[in-house]
Structures are given as structure tokens and as C-alpha cells.
Amino acid sequence: MTQAVELNIDGLVGPTHNYAGLAAGNIPSMLNRGRRSHPRKAALQGLDKMRLLMELGVPQAVFPPHERPYIPFLRALGFSGSDKAIIARAGKQNPLMLANCGSSSAMWVANAASVSPSADTRDGKVHFTPANLLSELHRSMEAATNVRILRTIFADTRHFRVHDPLPAAWAMRDEGAANHLRLAPSHGESGIELFTFDSGQPYQPLEPPHHFPARQSLGASMAVRHRHEIREDQAFGIQRATQCIDAGAFHADLVAMSNEDVLIYHQQAFDRQSIVLMRKAYRRLTGRYPRFAEIAEDEVSLADAVQTYLFNSQLVTLPDGTRALIAPVECQSHPAARAQIDLLKQQGYFQRVEYVDVRESMLNGGGPACLRLRVVLTRREFAAMHQGIVLTPRLYRELAAWVNKHYRETLLPRDLADPALLRESRQALDALTKILRLGNLYEFQN
Ligand code: SUG
């Protein structure tokens, strides 16, 4: 059996973190539109979560923010002149488009890519498919930069394969690891990869009953599985119930979480038959039974799951083989969610619970698990990736100082039209690429 670890790579919140209400179907994002954000606090909250995992002995790394406001996109839409002039003009003529180019949404790296560990793939490499994020305009512009970042971090082609995103077509809409679960006896062993997808109803916001967009297509899930060369008996497609999406659970990681042989899911998430088949597939592959915990609607309603982000907790393996649940503080103060966590702990699904405050991200619909991309790596693969992003106490201190130096305390969406913000963000990112030893990553640096 190959020994492997699960690396959590967390997206650093960017300097333009703001609440512009851009994400259709994401209830906090829609409700908090226009609210004042706190970029510095947001980035420090994220860093504190990373430090907690590092201190627990869980391998942790950092994913850099994207350049925002993203001028190349505005140029593609016909804006011309100096960067400063473009910002000013977009702010007057098309503030919504400027907001789309100014979101810090790349911080939710659970949507950056789907990842398959080498234990599951035919060629024995770790495969990545950066998500095309087609469903939301502000997120669609993340794909190209994510390709560049992932190819920089996982450059060693002896171990890693970073594919292109899927073709930019509605039928291929893909939101990455947030819709992808894995079950295996341990990280290093072959496992079952669960590709969840949403049924494809169109977005009809004006006609009751409204439907929120189904952001992951069946076509995308199938294509990712094929390109990752996952054996037939190890891949499992599973449709997410439409009621989840319309209740505001726009990704599978809002209704289910997994770690090694444990799957915790909401009663409404999947149909019963899929659960039975999933169990069988796991049993056939490993000769063992997985441990499933179904949370009943009576215990925690779907609405409460969306409100607390209970299922967006991170379930992680600690160095001594026990498990910890990293849950949002919103669960701690919610009686039903709290009671469920206490019960699951009593039942032995995990041995330790840590509540984390990532409230600035939560207000935009992103909980603890949204902020991280899980990459299972053998020791050799870990050594082969770019080491500059791996969190150490020293890097944590450097990054906290960097945030304190470069980030604004507060921001409103209209501040995106301030050319000083563009300058400050670029200075910050330029300094960051040096701290993380990433070279010239951004378009503005070239
Ligand atoms: O895509 N929010 C993100 C939140 C992503 C959460 N990810 C996971 N569940 N894994 C989204 O809806 C808010 C955007 C804004 O208005 O800037 C936003 O994009």
C-alpha cells in the first residue's frame, strides 16, 4: 500500500474581496449584495484556518489570488486605452461588468479543478482538470489563470498532468472538486471517485417557481472521468437532487462531505438507489464496507444545512490516524447543526472538532471546504511539487505581514472603479509571487 497524504491548498482571499451579489443561486451572495466587505480581515481569517490545519499536522499550502480587476477581460469586451482609463470608463458605463472583473471569487479553490490521485488513474499520474466555471460570468474568467497556476505548482510532468479546461460550452459546464467526492480505505489506496452532476434545467429567475442554475453537467463529469483515466469500476456518476440547488446548495460540498472511507451526506442530496450502488461499488473494489452517515431532514433541514454550511466542513485525517472536523462557527451556535456534530463525534466518525471563523467568505457563500482544494500525494509526488507554497510557521508570518501591509480594511463594490485599488492589488500580487517564489504569474507582470 502506498503511503500518501492529503494536501489542502487554500485560496488566499484577494485584495478586492467584495460583495457585489454576482452568484446566481448562491443565497448569501445574492442577499449580501452591496454590503461593506473587509478584505484584510477576510484574508487573515483564511490564513488562520490554514495555520490551524498546519498546527494539527495536516499538510497545508497556499493558492495565490488572481489579478483583479481583470483588465484583459474588459479589453476583450471592447474597452480600450490605459488600464486606468478603462477602469474609470467601465465604472461609469458598465459597473456590473466591472464588478464581474473585480470579484475575488478565485479564493474558492474547491472550484479551481477536479483532482484524481495517482492511485486511481491508469497512467499512475495525478490528474487535474481546471474547471471552466461557465455558469457564472465572474467565475468563467478564472479558468485560464488556474491553468497557469496549477501548471506552475505541478510542473513535473513525470508525476502530474494538468489538462486544459473542458470546452467552453453550456453542456460541459464544470465547477471542479466541489462536485467531486472520493472514498478509499486510506488516502494512498485506490478508491471510488464520485462525480456528482446537476440536472440541466435552464435558469428562469423571473418565472415562478424559479430555478437556480444547475452548475455541473453530466457531460462534464463524464469527460473529467475519461481524461483522468479512472478505471471503469472506480468511477461513479451520481445526480444531485434538483431540490438541493433550488434550496441554495449550488455545489455537492454543501450537502455532502467525505474523507477516506467516511461519507456524511444530507438525506435530500442523492436518491436511495445511488447510495446503495455506491456502497456496492466500494465493497467490490476494496472488499470492505464504507461508513456512511445520513443526516435526516428532521434533524437538520436542507435550509439549515445551507444556512450553517454544516456539510462544508472539512473532514481531515490527523497524523495519528484519527479524524478532525473543521466546521464553520455558524454551526457552533446553531442547535440542530451543533447537536448533529456532537452526535457524529460520539458515533466515532471523527474524534475532534474545531470551529473556524471564515465569516467574510461565508457572506459570499463560501465555507471552510470551499476555500480549499484537496490533493492526495505520495511522498515522492509531494517532493516534486513547487515547495514555495507549502505553509510553514515562517510563511504564515510572512503572509500575515503581507496582508496587513497591502490590503484595505473595508471595500464597497463601487470602490472597484478606484484606479488606486488596481495599483495596490498589483503591488500586492507582485510582492506575493516573490514570497511564494512563483515567478511572473500574472499578465500585468509580463
Ligand atoms: O461560486 N461565490 C462563490 C462561492 C463558491 C463556493 N464554493 C463551494 N461551494 N465549493 C460561487 O457562488 C460570490 C461572488 C461575488 O459576488 O463576488 C461567489 O462567487
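Order of listing sets the numbers, starting from 1, for every ligand and every atom in it. Along the sequence shown, residues are numbered consecutively beginning with 1.
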Going by atom type alone, with no hydrogens or angles, which donor-acceptor pairs under 3.5 Å involve a side-chain atom of residues 40-49 and a protein atom two or more places apart or on another chain?
| residue | atom | partner | partner atom | Å |
| --- | --- | --- | --- | --- |
| Arg40 | NE | Tyr407 | O | 3.3 |
| Arg40 | NH2 | Tyr407 | O | 3.0 |
| Gln45 | OE1 | Arg359 | N | 3.3 |
| Gln45 | OE1 | Glu360 | N | 3.1 |
| Asp48 | OD1 | Tyr396 | OH | 2.7 |
| Lys49 | NZ | Asp10 | OD2 | 2.7 |
| Lys49 | NZ | Gln314 | OE1 | 2.6 |
| Lys49 | NZ | Pro368 | O | 3.1 |

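- Geometrically, ligand 1 and Tyr19 share no nitrogen or oxygen pair separated by less than 3.5 Å.
- Ligand 1 is never approached by Glu175 to a heavy-atom distance shorter than 4.0 Å.
- One side chain, Thr317 or Asn259, offers a donor N or O that lies under 3.5 Å from an acceptor on the other.
- Close contacts of ligand 1 with Ala110, meaning ligand atoms under 4.0 Å from a residue heavy atom, involve 10 (N).
- Taking 4.0 Å as the cut-off, Phe250 counts as a neighbour of ligand 1 on heavy-atom distance.
- His138 NE2, 3.4 Å is the protein heavy atom nearest to atom 14 (C) of ligand 1.
- Every heavy atom of Glu136 sits 4.0 Å or more from the atoms of ligand 1.
- For atom 18 (C) of ligand 1, the nearest non-hydrogen atom of the protein is Trp108 CZ3, 3.4 Å.
- Contact annotation for Glu142 and ligand 1: no heavy atom of the residue comes within less than 4.0 Å of the ligand.
- Contacts between Asn26 and ligand 1 below 4.0 angstrom, taking non-hydrogen atoms only, involve the side chain exclusively.
- Heavy atoms from both the backbone and the side chain of Leu22 come within less than 4.0 Å of ligand 1.
- Polar contact with ligand 1: present for His251 (N/O pair, distance under 3.5 Å).
- Of all protein heavy atoms, the one lying nearest to atom 5 (C) of ligand 1 is Arg139 NH1, 3.5 Å.
- For ligand 1, the polar-atom distance check finds no N/O of Cys370 at less than 3.5 Å from any of the ligand's N/O atoms.
- Note that Arg89 lies outside the cation-pi zone of Phe79, set by a 6.0 Å cut-off to the ring centre and a 45° limit from the axis.
- Considering backbone and side-chain N/O atoms, Arg215 comes within less than 3.5 Å of an N/O atom of ligand 1.
- Only the side chain of Ser29 comes within contact range of ligand 1, with a heavy atom under 4.0 Å; no backbone atom does.
- Contacts with ligand 1 closer than 4.0 Å are made by no heavy atom of Arg33, backbone or side chain.
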